[in-house]
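In each ligand, atom 1 is the first atom listed, and ligand 1 is the first ligand listed.
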Amino acid sequence: MNLLSPLEKVKGVGPKTAEQFKAAGLFTVGDLITFLPRTHEDFSEVVPILDIHPGKATIRARCEKISTRPVRRGLRLTTAVLADNTGKLQAIWFNQPYRETQLKGGEEFYFSGEFEFNYNRYQLTNPSAEKVSDMPVQTDRLLPVYRAIKGLKSQLVRKILAELRPLMTMLPETLPAETVRAEKLMPYADAILGMHFPKTTDDIKKARERLAFEELFQLLVASQLNRLANAKLTGWHIPFDQPVVAAFVRKLPFELTRAQRQAAWEIIQDFEKKTPMNRLLQGDVGSGKTVVAGLAARQAAHGGFQTALMAPTEILASQHAETLRQLLEPFGVSVGLLTGGVKGTARKVLYEQIQNGGVNVVVGTHALIQQGVVFHKLGFVVIDEQHRFGVQQRQELLKKSKHMPHLLAMTATPIPRSLALTVYGELDVSILNELPKNRKPIATRIWSPNSRPQLYQAIDEEIAKGRQAYVICSLIDDNPDNEAKSVQAEYKRLKNSVFKHRKIGLLHGRLKSDEKDEVMTRFSEGSLDILVSTTVVEVGVDVPNATVMMIEDADRFGLSQLHQLRGRVGRSSHQSHCYLVMSDSSKPSERLKYIERSNDGFYLAEVDLRLRGPGEIYGRSQHGALNLQIATLSDTKLIARAQKQAKSFARHPENLLQYKQLAAQVEKYQRLTTLN
Ligand code: ADP
Ligand code: MG
């Protein structure tokens, strides 16, 4: 048996079990060995109920009574009486009705959870429950807890892993020996064993550190190699033309901020270099990234090059096209919009113009580079608010253009600077760290649901002054399992009662693209007073006349997301307001209070990072590149260590040939991180 053997080969894995593993993405022995526990339960400190104190606690008890009742829509409470021979206590679970079937029958369990004051009494909240008879035979008291695999008891998973233990002891080292030595890391085999079969909490700590280091090291080696690869490419030379840039700046209806000028200058300088630009433009919402891209596009067009701008949604693409037209057409630079809505002859004509150079700037979604679009001379690519742009897309670009175009990724995801520089080691970063001068901070306040009448009144007064408002809900349709508000229902309600006398529009991701366009256009030209929307407006939408945003169920959103949403207002010299309406009348969380206090996206990102951890913020869905299993991006010390080793290792990339597993991982990360 080796790491590549199918799981069926392992004792205790029948065809059915193997199927269930496969459904969870685990095919081989190696897959299962690297299926690491999410956390460990510490059963070494079981306390008698008589001695229990508030805080994290583990007891060994039987369940005497258990029942479930609905409390309100979307919330079912299961309560149980647990007893050992010293006393009894109450346990409570939210939305875990299956506990009833699990715990009935009078067997002994280890319960581990938070013993805290809730609903007027002390109780054990959401405890995990492990049958005592299922516990590993060894005396190890630290029980690994794995991500649930559908249809498989966790006990079985542990038993199968125990079968693989002898193999784990023989795992060869996966990091370069000199790295392990220099950083005094635990050997690979010990780390894997330490995760699955820890003897002490110190084992777990060292094992995690070693595995986290390894992940970061792979990621950072990948980004070093990408940087080297980029440096070998030849880019287009787009010369700086001072009068052209000056004329563009003079025609703007506002003065550029110092940060905008700096960023534009960095881009213009990159245009003149031999290697293609690979730059990230980071700027808080409303910091004015679009005009920076517009200025660069102007310079590119003057040099005879086309620009492609890719936006994450069609709404945003149309809006960018509109903005760029206003900025560029006065200089004879033409702007085309290519979205799903452009069909038939219009599409054909546009394709031809792109191919023969009849259009200078093309705006669209990422379909822009994927489909059969052929550019005449593509020199500059701008990627707005998109996190998926890797090697494959770059290859597509190379195919379309003799040289690699200059790339600029723009993002308002405020990754703290320290992280951006380490994680995006291969990118150059420009930061817009100031907002245009005319802005007033958005007045943000948390409200309880029964303040709605008052808030509607305030919104109505703003509309009377000629302003516009957003109402944001988290759901599209009402959902019986989720009591959050939906745009469909809110739209109907507001339209038929509260705001009968106002013009209201509805926007969500399931509308057809021309329907979305129409609503957005009507809102931006001012013919709608209120836009009821899901978070599709989160990214990039720019309607400066909108000055109020009401966010329903605000406590269900993350800090960074709320900040992004809020950034849709506060885009003019009018005072803007953001009302964060809680889903119930309970006390707002500390987290939510931060957003009330601060308008600084970078600061909020740091807070979010601290409170929730990077997994949540830069989660799998958002950041392919940061798809880390163990490492956390807030561990700046470990990042610095990994960075140092990665740099020194990447000086001799040929060494990678000696480390097969490392090479495979690095390659995987390289595909993801080239420009994320
Ligand atoms: P974001 O960085 O969030 O993409 P936008 O590029 O959409 O921001 O710009 C937000 C708004 O600010 C736009 O209406 C834009 O015209 C305006 N703007 C950009 N730069 C300035 C500036 N220097 N002074 C005043 N307004 C500006
Ligand atoms: Mg933007």
Side-chain angles (χ1 to χ4, degrees), residues 245 248-265 267 279-298 309-330 335 361 363-365 382-387 408-415 429-442 467-468 470 520 523-526 535-547 549 560-574 576 578 599-602 604-605:
V245 171
F248 178 91
V249 173
R250 223 179 304 122
K251 199 149 175 39
L252 291 172
F254 44 71
E255 202 178 314
L256 290 176
T257 62
R258 186 202 46 78
Q260 282 172 318
R261 272 182 282 133
Q262 173 70 28
W265 177 235
I267 295 167
R279 183 171 288 279
L280 181 71
L281 177 59
Q282 258 203 316
D284 208 344
V285 280
S287 58
K289 293 182 286 293
T290 319
V291 65
V292 174
L295 185 152
R298 168 72 190 111
L309 188 150
M310 286 179 281
T313 62
E314 302 212 327
I315 297 178
L316 208 56
S318 341
Q319 199 173 315
H320 276 318
E322 196 41 52
T323 309
L324 291 176
R325 268 183 199 128
Q326 279 168 27
L327 290 172
L328 298 170
E329 285 187 347
V335 178
V361 177
V363 184
T365 59
V382 185
I383 304 144
D384 190 25
E385 302 291 0
Q386 252 178 301
H387 302 290
L408 179 71
M410 306 198 292
T411 177
T413 306
I415 296 165
V429 181
S430 297
I431 295 188
L432 299 185
N433 54 3
E434 61 182 323
L435 294 180
K437 274 203 238 30
N438 62 352
R439 302 291 163 72
K440 295 194 179 71
I442 302 162
R467 304 284 89 77
Q468 291 163 281
Y470 295 98
M520 238 9 260
F523 190 66
S524 49
E525 61 188 31
T535 55
V536 288
V537 294
E538 181 185 339
V539 155
V541 168
D542 183 34
V543 181
N545 191 47
T547 53
M549 174 170 281
S560 296
Q561 201 182 13
L562 285 173
H563 181 67
Q564 292 281 315
L565 275 168
R566 171 173 69 174
R568 300 310 109 217
V569 296
R571 301 185 148 243
S572 69
S573 52
H574 299 292
S576 286
C578 176
N599 263 296
D600 179 343
F602 286 87
L604 290 170

If the cut-off is 4.0 Å to any non-hydrogen atom of [X], which atoms of ligand 1 fall inside it?
X: Gly288; value: 1 (P), 2 (O), 5 (P), 6 (O), 8 (O), 9 (O), 19 (C)
X: Glu255; value: 22 (C), 23 (N), 24 (N)
X: Thr257; value: 23 (N)
X: Thr290; value: 4 (O), 5 (P), 6 (O), 7 (O)

> Taking the side chain from Gln319 and the backbone from Asp542, do they hold a donor-acceptor pair closer than 3.5 Å?
Replying inline: yes

> When you measure from the side chain of Thr547 to the backbone N and O of Ser576, does any donor-acceptor pair fall under 3.5 Å?
Replying inline: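 Looks like no, no N/O pair under 3.5 Å.
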
Are [X] and [Y] close enough that a side-chain donor and a side-chain acceptor fall under 3.5 Å?
X: Asn545; Y: His574; value: no
X: Ser573; Y: Arg439; value: no
X: Gln326; Y: Thr323; value: no

>> Regarding ligand 1, does Val285 bring an N or O atom to under 3.5 Å of one of the ligand's N or O atoms?
In response: no

>> Checking the N or O distance criterion of under 3.5 Å, is ligand 1 in contact with Phe254?
In response: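 For ligand 1, there is no N or O atom that lies under 3.5 Å from one belonging to Phe254.
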
> Under 4.0 angstrom from ligand 1, any heavy atom of Ser287?
Replying inline: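 Flag set, Ser287 near ligand 1.
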
> So is Gly286 in contact with ligand 1, going by heavy-atom distances below 4.0 Å?
Replying inline: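 For ligand 1, residue contact (heavy atoms, under 4.0 Å) with Gly286 is present.
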
> By side-chain hydrogen bond (donor to acceptor under 3.5 Å, both in side chains), which residues pair with Arg298, not counting sequence neighbours?
Replying inline: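 For Arg298, no residue satisfies side-chain hydrogen bond (donor to acceptor under 3.5 Å, both in side chains) once neighbours in sequence are set aside.
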
> With Ser318, which residues qualify under side-chain hydrogen bond (donor to acceptor under 3.5 Å, both in side chains), at least two apart?
Replying inline: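 Scan of Ser318 (side-chain hydrogen bond (donor to acceptor under 3.5 Å, both in side chains), adjacent residues dropped) gives Asp517.
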
>> Show the nearest heavy-atom pair for residues Arg571 and Gly286, with the distance to one decimal.
In response: NH2-N, 3.4 Å

> Relative to atom 14 (O) of ligand 1, which among Asp542, Thr411, Leu432 owns the nearest non-hydrogen atom?
Replying inline: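 Looking at heavy atoms only, Asp542 sits closest to atom 14 (O) of ligand 1.
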
> Which residue from Lys289, Arg571, Arg439 reaches closest to atom 12 (O) of ligand 1 through any of its heavy atoms?
Replying inline: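 Ranked by closest heavy atom to atom 12 (O) of ligand 1, first place is Arg439.
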
>> Please work out, at 4.0 Å between heavy atoms, whether the side chain, the backbone, both, or neither of Gln260 comes within that distance of ligand 1.
In response: side chain

